[in-house]
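As the structure is a computational prediction, the values presented were derived from the model and not from experiment.
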Amino acid sequence: MNALSPFADAVIALLLVAGGAFALIGALGLARLSDFPRRLHGPTKATTLGVGSVLIASLVEGFARGAGGAQELLITLFLFVTAPVSAHLLAKA
């Protein structure tokens with residue numbers, strides 16, 4: 001395997017840590033908030049950002065190695081389109 005540059009390693013590590021922090025905040029929001037709209041708001045915002053950060057880290061790693069990132073881009077697009085729609089539908093139900 002080819003080693004990545006220290007800058008790419010730092011960016012990937014930062015994005016992974018940020019993604020994990022957002023996912024943790026979303027899980028805590030789901031467990032600790034009192035009513036349904038608040039419980040819905042915490043995880044949808046925080047976990048969308050968390051998964052988005054992890055996918056961007058994967059995209060950076062792919063570009064640093066010279067590979068394409070079509071799968072990561074499609075997953076990110078699908079996530080950012082469907083998460084708000086599903087949260088809206090749950091709030092309306």
Side-chain angles (χ1 to χ4, degrees):
M1 291 196 132
N2 298 337
L4 297 177
S5 70
F7 179 72
D9 283 339
V11 169
I12 292 168
L14 181 68
L15 285 168
L16 288 175
V17 169
F22 278 122
L24 178 65
I25 291 168
L28 290 175
L30 179 63
R32 298 190 114 312
L33 294 175
S34 58
D35 58 348
F36 179 72
R38 289 182 184 159
R39 283 187 178 191
L40 184 65
H41 181 73
T44 55
K45 303 296 182 227
T47 55
T48 300
L49 289 171
V51 172
S53 295
V54 171
L55 286 169
I56 292 171
S58 176
L59 191 67
V60 169
E61 191 270 336
F63 283 142
R65 293 198 187 276
Q71 291 176 339
E72 288 88 353
L73 287 175
L74 288 173
I75 292 170
T76 305
L77 177 69
F78 183 72
L79 174 75
F80 287 130
V81 168
T82 59
V85 172
S86 64
H88 180 73
L89 290 174
L90 281 172
K92 288 284 188 181

Colleague: Only counting residues at least two apart or in another chain, list the ones meeting side-chain contact (heavy atoms from CB on, under 4.5 Å) with F78.
Modeller: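 Residues passing side-chain contact (heavy atoms from CB on, under 4.5 Å) with F78: T82.
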Colleague: Quick check for you: to the nearest 0.5 Å, what is the distance between F80 atom CZ and L49 atom CG?
Modeller: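 That separation rounds to 6.5 Å.
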Colleague: Taking the side chain as every heavy atom from C-beta outward, state whether L73 and L77 have any pair of such atoms under 4.5 Å apart.
Modeller: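 Contact flag for L73/L77 side chains = no.
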Colleague: Do the side chains of F7 and L15 join up, straight or via other hydrophobic residues, at under 4.5 Å, putting them in one cluster?
Modeller: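 In one cluster: yes.
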Colleague: Applying side-chain hydrogen bond (donor to acceptor under 3.5 Å, both in side chains) as the test, list every pair that has at least one member in residues 48-64; sequence neighbours left out.
Modeller: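 Non-adjacent pairs meeting side-chain hydrogen bond (donor to acceptor under 3.5 Å, both in side chains): S58-E72, E61-R65.
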Colleague: According to a hydrophobic-cluster definition based on side-chain heavy atoms being under 4.5 Å apart (Ile, Leu, Val, Met, Phe, Trp, Tyr only), do V54 and V11 belong together?
Modeller: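 Cluster IDs for V54 and V11 match.
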Colleague: Find the distance between CD1 (I75) and CG (L59) and round it off to the nearest 0.5 Å.
Modeller: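 One finds 10.5 Å between CD1 of I75 and CG of L59.
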Colleague: The criterion is side-chain contact (heavy atoms from CB on, under 4.5 Å); which residues satisfy it with V51, sequence neighbours excluded?
Modeller: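 side-chain contact (heavy atoms from CB on, under 4.5 Å) list for V51, sorted by chain: L55, L79.
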